[in-house]
Protein chains: 2
Amino acid sequence: MAAKKKGKPKKTSLADIANSLGVSRTLVSMVLNGRGDENGINSDTQKRVLAKAKELNYKPNQLARGLRLGRTNTIGLIVADISNPFYATVARGIEDLAGQHGFRLMVCSSDEDSQKESELIQMFRDRQADGLIISTTQQNNDEIMALREDNYPFVLIDRHLEGLDINSVTVDNHLGATQAVDHLAQNGAKKIGLLKISPTHLSTMRDRVSGFLDATKTHMLASSPDLIQEIPFNRVKEGVYEALEYLLGDEVKADAIFAANNNLAAACLEYARENGLNIPQDIALLSFDDVRMFKFSYPTITAVAQPLQEIGRQAIKLLLDEILTKEPVVTKKQIVLPTDLVIRESCRIPEKSI
Amino acid sequence: MAAKKKGKPKKTSLADIANSLGVSRTLVSMVLNGRGDENGINSDTQKRVLAKAKELNYKPNQLARGLRLGRTNTIGLIVADISNPFYATVARGIEDLAGQHGFRLMVCSSDEDSQKESELIQMFRDRQADGLIISTTQQNNDEIMALREDNYPFVLIDRHLEGLDINSVTVDNHLGATQAVDHLAQNGAKKIGLLKISPTHLSTMRDRVSGFLDATKTHMLASSPDLIQEIPFNRVKEGVYEALEYLLGDEVKADAIFAANNNLAAACLEYARENGLNIPQDIALLSFDDVRMFKFSYPTITAVAQPLQEIGRQAIKLLLDEILTKEPVVTKKQIVLPTDLVIRESCRIPEKSI
DNA sequence: AATCCCTGCTTTATCGATTTAGTATCACAA
DNA sequence: TTGTGATACTAAATCGATAAAGCAGGGATT
């Protein structure tokens with residue numbers, strides 16, 4: 001009655017219920033966990049416990065519970081940037097399925113910063129998350145290896161680490177890029193510039209570039225190192241501006257741009273807008289990774305779509321499999337999902353340039 | 001040495017360090033928390049502890065710590081949809097400042113579902129989050145009131161509950177809407193249709209609508225209930241299509257659309273795109289809330305910009321203030337930030353319709 | 001010699017829930 | 001009368017970290 005104004009009113013605990021009912025905490029715990037019958041607790045007592053729990057508005061302290069049980073029914077998701085629709089959609093796929101199995105999802109962004117990624121992994125471990133899903137920066141494999149050493153359940157998404165026995169869900173970036181170039185070539189492109197994000201080691205970028213290179217060779221298109229421009233992750237806009245100035249300039253005169261992710265493509269649109277560049281008349285544009293706005297940008301953008309929700313679903317399935325089986329000796333799986341080329345207006349290169 | 005293949009290898013605990021060094025856990029705890037000197041621990045012993053901790057790769061179990069301390073250095077953020085750039089940006093503002101003060105941010109989306117919001121609030125409380133920042137659905141005030149009753153630190157953002165002594169950070173929606181209408185009127189609009197999200201009780205929507213109504217009256221523009229169209233949150237696209245069909249149809253013939261949030265505006269763009277509608281020639285479009293894509297959509301969209309990062313920063317400041325002061329008797333603050341009209345191309349209504 | 005202080009630790013209790021290993025009571029059989 | 005077995009429950013240990021209170025031993029003080 002007293003402490004009503006000051007401090008937190010201290011939530012009711014198991015002990016409160018036990019005391020006010022004159023029974024042991026053990027009994028209360030058993031009843032509230034639905035193990036009353038199983039433990040031969042009088043059904044009348046059970047009712048009293050349940051009633052009291054409701055009356056006192058009892059909510060178990062999850063820290064205490066997690067500490068005792070060694071699990072928290074929480075899984076962590078670490079992505080580069082949750083505000084990127086790509087990750088946001090994947091996250092949704094994960095969350096939905098996780099929720100159905102009684103798991104909570106906690107999402108954090110690493111900002112493509114390996115230091116921050118390490119901290120986040122550590123943070124989740126310190127808080128006893130039961131498992132992790134990570135879109136790794138691929139720069140701090142030590143931390144990832146430690147997870148593996150420790151048999152900590154985790155799944156990599158979007159980017160993978162090659163040749164390692166690790167769970168992962170990715171898309172076929174090589175094939176997706178190949179099809180993108182096929183499409184550009186069919187529309188008359190002869191000289192395609194590629195924009196990629198600069199941390200060179202990202203497997204997605206690597207695979208998209210190799211797909212791009214293979215396909216340009218197949219189609220006998222122009223090929224030179226200049227055509228591949230690297231854009232730093234944290235200054236996409238400026239980087240793309242410079243890259244486009246160069247690619248569109250007299251020195252190169254590219255007739256198509258293949259943007260290796262949605263941010264790069266968006267920056268191209270922005271550039272086009274601000275510099276009176278016409279797509280696809282002046283130059284074609286194709287994006288790897290489709291986002292909603294490409295449907296109503298000017299022009300609409302042809303893009304390699306990824307099965308976002310499916311990536312999430314497969315990842316959480318793998319993870320739950322690992323968390324729920326006692327034996328950690330399961331073999332890891334590498335799941336590769338197909339992409340889908342969504343054709344819109346941005347690649348119709350007009351006759352003159354063919 | 002043994003259990004290397006099966007089960008988790010059990011992280012090292014304080015006790016492990018204490019035992020292997022032949023000292024008490026208390027001592028180890030004190031040293032590792034930097035309170036060694038203060039407690040008169042021999043500096044040599046301190047070194048040994050620190051060395052051993054590093055050697056064994058000790059990481060404190062945050063559940064245990066939180067349980068004992070009654071705080072977790074975690075704050076929860078509940079928003080309608082984290083993939084909406086509006087919330088994503090606000091979240092970033094919060095996270096940055098929180099991090100500087102040693103707090104972690106955990107973000108969850110309520111999907112504008114009051115049931116889910118309740119569960120999330122409960123979840124955060126169960127996990128002993130030290131405070132909450134909530135963009136409430138405004139449908140389950142009970143839960144919010146309970147927070148207040150319990151002196152649980154929290155701040156509302158974006159939407160507020162009127163007349164209650166609760167911390168909140170919002171923008172001046174009324175004024176923002178008024179300025180939007182002023183701009184449309186100056187550009188010759190005579191009949192402005194308003195698209196709003198349907199849970200009618202959202203304070204943002206209510207204030208924007210009232211600003212809209214006041215301004216249309218001031219400018220003596222057309223005014224009729226038909227001009228205000230409600231779109232259900234979970235079917236924006238379809239809803240906007242129907243609403244636009246109506247507003248643009250012969251019956252109404254609106255000459256401008258004021259979309260009360262970025263999603264509605266985006267859906268308008270999509271509609272325009274798919275139906276060969278020209279903005280602003282056929283109709284003007286103005287959005288409340290500015291997002292990146294409005295800079296390179298076709299056309300670029302005039303919008304009421306909100307100080308996103310600032311909303312986040314102010315909110316976390318208020319919250320930390322409350323968390324860090326022992327006395328919970330602080331008076332609550334209602335902070336209202338100004339909006340900013342960003343003029344682009346989508347409202348230049350051509351002569352003919354003036 | 002008794003007292004006090006200082007340095008450097010340790011002991012014990014605690015946070016809240018769960019698990020393990022009981023115990024008390026009664027009925028009924030041998 | 002002793003034993004068997006349900007039935008209905010409890011005591012104590014545990015998870016890991018921390019806080020409060022206490023103690024041992026040596027030197028200085030009176």
Side-chain angles (χ1 to χ4, degrees), chain A residues 7-49 52-53 56-74 125-130, chain B residues 7-49 52-53 56-74 125-130:
Chain A
K8 308 192 185 160
K10 201 169 81 286
K11 292 177 42 176
T12 70
S13 72
L14 266 194
D16 297 332
I17 299 181
N19 292 338
S20 80
L21 244 42
V23 298
S24 72
R25 295 179 318 212
T26 308
L27 185 151
V28 176
S29 169
M30 294 188 300
V31 171
L32 294 181
N33 283 300
R35 293 209 220 85
D37 291 336
E38 174 184 330
N39 285 88
I41 307 299
N42 186 298
S43 80
D44 207 61
T45 311
Q46 296 202 37
K47 275 179 206 142
R48 282 166 55 225
V49 169
K52 197 53 135 181
L56 299 182
N57 190 29
Y58 171 73
K59 298 288 155 58
N61 179 322
Q62 297 298 340
L63 295 187
R65 197 148 196 279
L67 175 60
R68 179 66 233 249
L69 294 178
R71 61 185 159 75
T72 54
N73 288 319
T74 299
R125 298 190 67 170
D126 295 347
R127 286 164 198 252
Q128 319 297 121
D130 298 331
Chain B
K8 309 192 184 158
K10 198 168 78 293
K11 293 176 45 177
T12 70
S13 71
L14 266 194
D16 297 333
I17 300 181
N19 293 337
S20 79
L21 244 41
V23 299
S24 71
R25 293 175 321 205
T26 305
L27 184 151
V28 177
S29 168
M30 294 188 300
V31 172
L32 295 181
N33 284 300
R35 293 209 221 87
D37 290 337
E38 174 184 332
N39 286 88
I41 307 298
N42 186 299
S43 80
D44 207 60
T45 312
Q46 295 201 39
K47 274 179 207 144
R48 284 165 54 225
V49 169
K52 195 51 124 184
L56 298 183
N57 189 32
Y58 171 72
K59 298 287 153 61
N61 179 323
Q62 297 297 342
L63 296 187
R65 199 150 192 276
L67 175 60
R68 180 63 234 246
L69 294 177
R71 61 185 158 78
T72 53
N73 287 319
T74 299
R125 299 191 67 171
D126 294 347
R127 285 163 200 252
Q128 319 295 123
D130 298 331

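A 4.0 Å heavy-atom criterion places the boundary nucleotides of DNA chain D facing chain A at D/dA8 to D/dG16, written 5' to 3'. Here the range on DNA chain C touched by chain A, meaning any atom under 4.0 Å from one of its heavy atoms, is C/dG16 to C/dT20.
If B/L69 and B/N42 are placed on DNA chain C by their nearest nucleotide, the residue sitting closer to the 5' end is B/N42. Residues B/R48 and B/R68 both approach DNA chain C. Their nearest nucleotides, taken by heavy-atom distance, put B/R48 toward the 5′ side. For the pair A/R25 and B/R65, both in contact range of DNA chain D, the more 5′-proximal nearest nucleotide belongs to A/R25.
Side chains of B/V31 and B/L27 form a contact here, defined as non-hydrogen atoms less than 4.5 Å apart. At a threshold of 4.5 Å between non-hydrogen side-chain atoms, the residues A/Y58 and A/V28 do not count as touching. Contact of the B/T12 side chain with the B/N57 side chain is not registered, since no non-hydrogen atoms from C-beta on lie closer than 4.5 Å. The shortest distance between side-chain heavy atoms of A/K52 and A/V23 does not fall below 4.5 Å.
Taking each heavy atom of B/L14 and B/R25 in turn, the nearest pair found is CD1-O, 4.1 Å. Heavy-atom minimum distance, B/L21 versus B/V49: CD2-CA, 3.6 Å. Nearest heavy atom pair, residue A/A53 against residue A/L32, reads CB-CD2, 3.9 Å. Residue A/L56 comes nearest to A/S20 through the heavy atom pair CD1-OG, 4.4 Å, listed as atom of the first residue, atom of the second, then distance. Between B/L63 and A/Q128 the shortest heavy-atom distance is CD1-CG, 3.3 Å.
Only B/T26, B/L27, B/G40, listed by number, bring a heavy atom of residues 26-40 of chain B to less than 4.0 angstrom from any atom of DNA chain C.
Scored by the side-chain hydrogen bond (donor to acceptor under 3.5 Å, both in side chains) test, A/Q62 finds no partners at all (sequence neighbours excluded).
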Cut-off 3.5 Å, no hydrogens considered: what does the side-chain donor-acceptor table look like for residues 36-44 of chain B, sequence neighbours left out?
{"unit_1": "B/D37", "atom_1": "OD1", "unit_2": "B/Q46", "atom_2": "NE2", "d": "2.9"}
{"unit_1": "B/N42", "atom_1": "OD1", "unit_2": "B/D44", "atom_2": "N", "d": "2.6"}

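Considering CG of B/N73 and CZ of B/R65, their distance stands at 7.0 Å, rounded to 0.5 Å.
An end-to-end axis angle of 90° holds for the helix from C/dA1-D/dT30 to C/dA30-D/dT1, taken from five base pairs per end and rounded to 10°.
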**Chi angles and distances behind the salt bridge (Lys or Arg N to Asp or Glu O under 4.0 Å) call for B/K11, A/D126** = CA-CA 10 Å; B/K11 293 176 45 177; A/D126 295 347; 3.5 Å; yes
